[in-house]
Asker: 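This is the structure I want to talk about, given as structure tokens.
Residue numbers begin at 1 in each chain, while the letters A, B, ... track the order of the sequences.
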Number of protein chains: 2
Amino acid sequence: MILDSETKAVELPEDHGDELRLWLRLLTCTTLIEGEVRSRLRERFDVTLPRFDLMAQLDKVPDGMTLSDVSKRMMVSNGNVTGLVERLVESGHVDRRTSDTDRRVQVIRLTKLGRAEFRRMAEEHETWISEIFTDLTPKDVRELMRLLAKTKGSAQKAGQKAAKVP
Amino acid sequence: MILDSETKAVELPEDHGDELRLWLRLLTCTTLIEGEVRSRLRERFDVTLPRFDLMAQLDKVPDGMTLSDVSKRMMVSNGNVTGLVERLVESGHVDRRTSDTDRRVQVIRLTKLGRAEFRRMAEEHETWISEIFTDLTPKDVRELMRLLAKTKGSAQKAGQKAAKVP
DNA sequence: AAATAATTCTTTAAGCTTCAAGTAAATTGG
DNA sequence: CCAATTTACTTGAAGCTTAAAGAATTATTT
């Protein structure tokens, strides 16, 4: 804390350049990888990344999940999921029904076709990812996992704090 | 390398689960932070993230840059930049003119208004970012920078290789 | 010089995404 | 039980994004 001549706290512009550079690098990495995955998905399977991501969520559960669940897990808006699911139902990859116990709720799951196609895509997708991270040693991977977990926690905390003081 | 009974190399499904988990965590971090920054930019300044990002590129140069430059730096498509710039010119934040030496080229730069508003936003933005990364020690930041640089290089290499063998 | 190729940017169509407002159903609290 | 609130989802408008095709200009090759 710095005090001026009248012993009053003053705001000096602190240096947050390192964090800013870190954020930009993080963003660059993600954009780069995302673009690579997107273009390969399109070329190899003629599928968009959001469709793939949604199917990936559904592949993890056998009995389907609600639209809200998908929305939270994918970290996108409800309206977004509505449209995405609409198109996946249209193309026969996803099955949708109203919950028996709560008529507000829509339960969606992969169809047989959807699951088969996703599995096929996921296999290649996994090798692409390992290719993309090929220069990292197992130790690098562990360390990165650790630091990103810490980053995630920090970001979540900052988000909650900001939400409480609007 | 695993050889089968006929001494022929066979492809066994290798485990790339760690890299996949790493990618998902990287994506989660970026999505989380991006969402936080997006919502704060909207609430505080009623500006979108893409507009802010474009202005950030232009703020770095005094004499403007071409649309292609912006496109490469932001890692988005040309058409995307065209529309973004269109709206920023419309709102008076960006100035656009045709290059004197090459009539294909559009040179854009921040207007006085655009630069003033960006500087104002950037200052707060920087503190948000430092807040978001607040749990990371300086050592964490350095280490993360290093590992992400390595990741970026690895991803670029993978992308180039894939582009050559289509 | 003329033909060819490469570049810079724009346009279009389709899909993605958010936000805000709206509808319907379930839950809560009197 | 009923009013008020909350939850789950949908809709609509605006903007973002990409990919692909096209137009204009410049650079290269023959």
Asker: Can you pull out every ring pair (Phe, Tyr, Trp, His ring centres under 6.0 Å) where at least one residue sits in residues 134-160 of chain B? Sequence neighbours excluded, please.
Answerer: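 Non-adjacent pairs meeting ring pair (Phe, Tyr, Trp, His ring centres under 6.0 Å): zero.
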Asker: Considering only heavy atoms, which members of residues 59-71 of chain A lie under 4.0 Å from some atom of DNA chain C?
Answerer: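 DNA chain C contact set from residues 59-71 of chain A: none.
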Asker: Considering the terminal five base pairs at each end of the helix from C:dA1-D:dT30 to C:dG30-D:dC1, what angle separates the two local helix axes, rounded to 10°?
Answerer: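 Terminal axis comparison yields 20°.
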Asker: With heavy-atom distances below 4.5 Å as the criterion, would you say the side chains of B:S91 and B:R51 are in contact?
Answerer: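 Answer yes - side chains close enough.
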Asker: For the CD atom of A:E34 and the OG atom of A:S39, what is their distance to the nearest 0.5 Å?
Answerer: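 These two atoms lie 12.0 Å from each other.
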Asker: Return each pair, listed once, that meets salt bridge (charged side-chain N to carboxylate O under 4.0 Å, His left out) where at least one residue sits in residues 105-118 of chain B; pairs must be two or more places apart or across chains.
Answerer: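 Qualifying pairs, neighbours excluded: B:D59-B:R115, B:D95-B:R109.
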Asker: Quick one: are B:V47 and B:R42 in side-chain contact, heavy atoms under 4.5 Å?
Answerer: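 B:V47 vs B:R42: side chains apart.
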Asker: Restricting to pairs with a member in residues 75-122 of chain A, which pass ring pair (Phe, Tyr, Trp, His ring centres under 6.0 Å), not counting sequence neighbours?
Answerer: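 Passing the test, one end in residues 75-122 of chain A: A:F52-A:F118.
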Asker: Looking at residues at least two apart in the chain, or sitting in another chain, which of them share a side-chain contact (heavy atoms from CB on, under 4.5 Å) with A:D140?
Answerer: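 side-chain contact (heavy atoms from CB on, under 4.5 Å) list for A:D140, sorted by chain: A:L136, A:T137, B:R146, B:L147, B:K150.
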Asker: Any side-chain heavy atom of A:R44 within less than 4.5 Å of one from A:W128?
Answerer: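 Counting from C-beta outward, A:R44 and A:W128 do come under 4.5 Å.
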Asker: Could you check which residues of residues 102-109 of chain A get a heavy atom under 4.0 Å from DNA chain D? Sort them by number, please.
Answerer: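 Close to the strand are A:R104, A:V105, A:Q106.
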Asker: Hey, could you give me each pair passing ring pair (Phe, Tyr, Trp, His ring centres under 6.0 Å) that has a residue in residues 53-72 of chain A? Not counting sequence neighbours.
Answerer: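 Residue pairs passing ring pair (Phe, Tyr, Trp, His ring centres under 6.0 Å), neighbours aside: none found.
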Asker: Taking only residues two or more places apart in sequence or in another chain, which ones pass salt bridge (Lys or Arg N to Asp or Glu O under 4.0 Å) with B:R21?
Answerer: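 Partners of B:R21 by the salt bridge (Lys or Arg N to Asp or Glu O under 4.0 Å) criterion, ordered by chain and then number, come out as B:D18.
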Asker: Run the side chain to side chain contact (heavy atoms under 4.5 Å, CB included) test on B:F133 and A:T151 for me, step by step, so that the C-alpha distance in whole Å, both residues' side-chain angles and the decisive distance to 0.1 Å come before the verdict.
Answerer: CA-CA 6 Å; B:F133 285 99; A:T151 301; 3.6 Å; yes
Asker: What range of DNA chain C does chain A touch, first nucleotide to last, counting atoms under 4.0 Å from its heavy atoms?
Answerer: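 Reading along DNA chain C, I get C:dG15 to C:dA26.
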Asker: Rounded to the nearest Å, what distance is computed from the CD atom of residue A:E86 to the P atom of nucleotide D:dC9?
Answerer: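 Rounded to the whole Å, the gap is 15 Å.
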Asker: For A:T66, enumerate each residue passing the side chain to side chain donor-acceptor pair (under 3.5 Å) test, keeping only those at least two apart in sequence or located in another chain.
Answerer: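 Scan of A:T66 (side chain to side chain donor-acceptor pair (under 3.5 Å), adjacent residues dropped) gives A:D69.
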Asker: Summarise how protein sits on nucleotides 11-20 of chain D as a single string, 5' to 3': B when a protein heavy atom is under 4.0 Å from the base, S for sugar-phosphate-only contact, - for no contact.
Answerer: B---SSSBSS
Asker: Answer yes or no: is there a side-chain heavy-atom contact under 4.5 Å between A:I108 and A:L88?
Answerer: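 A side-chain contact is absent here, since even the closest heavy-atom pair is not under 4.5 Å.
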Asker: State plainly whether the residues A:R40 and A:E131 are in salt-bridge range, i.e. N to O under 4.0 Å.
Answerer: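 Salt bridge between A:R40 and A:E131, a charged N being under 4.0 Å from a carboxylate O: yes.
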Asker: Taking side chain as C-beta onward, heavy atoms only, is B:V85 less than 4.5 Å from B:L67?
Answerer: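 The answer is yes; the side chains approach within 4.5 Å.
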